[in-house]
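Heads up: the structure comes next, in structure tokens.
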Amino acid sequence: MSKKVLILSTSPRKGGNSDLLCDEFMRGAKESGNDVEKIFIAQKKINYCIGCGVCNSTHKCVQKDDMAEILDKMVSADVIVLATPVYFYSMDGQLKTLIDRTVPRYTEISNKDFYYIMTAADTDKNMLHRTVEAIRGFTEDCLQGAKEKGIIYGTGAWQKGEIKNTKAFLEAYELGKNV
């Protein structure tokens with residue numbers, strides 16, 4: 001059965017290591033007959049949450065940016081891939097901002113399969129474990145029926161493209177194929 005897969009690449013570098021893993025995941029998922037869309041978040045305008053609380057009753061954000069469209073896609077997806085480079089032992093600011101801005105409709109992002117893609121120059125997996133725990137704070141603790149289906153830990157890749165020489169590159173393709 002074909003699934004609707006949404007890949008949210010939050011790398012600030014187009015073609016950066018986490019973005020390349022997104023492309024491999026996408027290639028595998030498409031080859032398996034899924035409907036796949038990747039959004040490169042750095043090309044979108046997503047403002048910080050201003051904490052006004054209006055969305056608590058209206059379920060709409062007062063800000064006029066690209067987040068409403070992304071939220072629509074998150075709600076309608078069967079599978080969501082959250083991809084981030086790891087900076088100072090956590091997700092990058094783009095992913096955190098995106099997560100914060102789901103507040104108006106986060107209760108509608110239910111019963112989804114989630115995959116996480118993380119990359120880091122360092123080979124210390126502790127930093128990636130800390131990052132995945134932060135992401136799980138959103139998916140497991142806030143989203144009803146979220147199911148974690150796979151994690152790609154891309155370590156030892158500093159320069160753009162170095163991820164292609166790691167096992168994570170093949171893992172991304174294989175996970176995508178098995179969505």
Side-chain angles (χ1 to χ4, degrees), residues 1-44 69-70 72-87 89-96 98-99 102 109 111-140 143 145-179:
M1 182 174 98
S2 177
K3 294 182 182 175
K4 193 170 188 177
V5 179
L6 178 64
I7 301 171
L8 300 172
S9 177
T10 68
S11 173
R13 297 190 301 178
K14 185 81 167 159
N17 291 313
S18 61
D19 192 46
L20 289 172
L21 291 179
C22 288
D23 291 343
E24 279 302 287
F25 188 100
M26 181 169 60
R27 186 170 71 91
K30 280 184 175 182
E31 284 181 13
S32 294
N34 295 291
D35 176 21
V36 184
E37 178 180 6
K38 181 180 99 168
I39 300 174
F40 187 68
I41 297 300
Q43 292 177 334
K44 299 292 183 180
E69 175 190 351
I70 294 167
D72 286 342
K73 292 176 184 210
M74 290 177 79
V75 168
S76 68
D78 300 307
V79 176
I80 298 174
V81 178
L82 300 175
T84 182
V86 175
Y87 299 147
Y89 289 77
S90 194
M91 69 187 88
D92 70 356
Q94 290 84 340
L95 180 55
K96 180 62 172 124
L98 182 135
I99 289 171
T102 64
I109 307 170
N111 302 311
K112 311 290 182 198
D113 290 345
F114 281 89
Y115 293 84
Y116 312 133
I117 295 174
M118 293 168 287
T119 57
D122 202 332
T123 56
D124 178 6
K125 284 199 175 178
N126 277 332
M127 75 172 65
L128 300 178
H129 293 302
R130 288 181 183 182
T131 303
V132 80
E133 288 306 313
I135 294 170
R136 284 177 178 150
F138 169 58
T139 58
E140 291 180 10
L143 305 180
K147 293 178 274 320
E148 184 179 300
K149 301 297 265 185
I151 303 172
I152 301 163
Y153 294 108
T155 58
W158 177 264
Q159 298 301 318
K160 252 176 138 173
E162 285 182 340
I163 202 69
K164 291 178 181 180
N165 301 320
T166 70
K167 68 179 184 161
F169 199 68
L170 179 59
E171 288 173 353
Y173 172 75
E174 290 298 326
L175 266 182
K177 261 179 67 170
N178 294 303
V179 166

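The figures here come from the full heavy-atom set of this structure, side chains too, leaving out hydrogens, waters and symmetry mates.
With values rounded to the nearest 0.5 angstrom, Thr102 atom OG1 is found 5.0 Å from Ile109 atom CD1. A distance of 11.0 Å separates CD1 of Ile152 from OG of Ser18, quoted to the nearest 0.5 Å. Atom CG of residue Asp78 and atom NZ of residue Lys112 lie 6.5 Å apart, to the nearest 0.5 angstrom. Atom OG1 of Thr10 and atom CD1 of Ile117 lie 10.0 Å apart (nearest 0.5 Å).
Using modelled atom types, one side-chain atom of Lys3 and one backbone atom of Val179 make a donor-acceptor pair closer than 3.5 Å. Remark: the backbone N or O of Glu37 is not paired with any side-chain donor or acceptor of Lys4 at under 3.5 angstrom. Side chain of Thr155 to backbone of Thr123: no donor-acceptor contact under 3.5 angstrom is found. For Ser90 (side chain) and Thr131 (main-chain N/O), no donor-acceptor pair under 3.5 Å exists by modelled atom type. Listed for the Ser32 side chain is no donor-acceptor partner under 3.5 Å among the backbone atoms of Asn34.
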Checklist entry - Given the rule in the side chain to side chain contact (heavy atoms under 4.5 Å, CB included) test, do Thr84 and Gln94 qualify, once you have shown the distances and angles that lead to the verdict? => result CA-CA 8 Å; Thr84 182; Gln94 290 84 340; over 6 Å; no
Checklist entry - Checking side chain to side chain contact (heavy atoms under 4.5 Å, CB included) for the pair Leu82/Thr139: CA distance, chi angles, key distance, verdict? => result CA-CA 10 Å; Leu82 300 175; Thr139 58; 4.2 Å; yes
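With sequence neighbours excluded, the residues forming a ring-ring contact (aromatic ring centres under 6.0 Å, His included) with Tyr153 are His129, listed by chain and number.
Looking at every heavy atom in both residues, Asp19 comes nearest to Ser9 through OD1-OG, 2.8 Å. The shortest non-hydrogen separation linking Ala42 to Pro12 is CB-CA, 4.2 Å. For Ala168 against Leu21, the heavy-atom pair with the smallest separation is O-CD2, 3.5 Å. Heavy atoms only, all atoms of each residue included: Thr166 and Glu162 are closest at CG2-O, 3.9 Å. Of all non-hydrogen atoms in Leu20 and Gly161, the two that sit nearest each other are CD1-CA, 3.6 Å.
Contact check on Arg136 versus Glu133 returns a salt bridge, with a Lys/Arg side-chain nitrogen under 4.0 Å from an Asp/Glu carboxylate oxygen.
Around the NZ atom of Lys164, the shell of radius 6.0 Å holds no more than 12 heavy atoms that belong to other residues, nucleotides or ligands. For Lys147, the NZ atom is densely surrounded, since the number of other residues' heavy atoms within 6.0 Å is greater than 12.
For Asp35 and Ser2, the side-chain atoms include no donor-acceptor pair closer than 3.5 Å.
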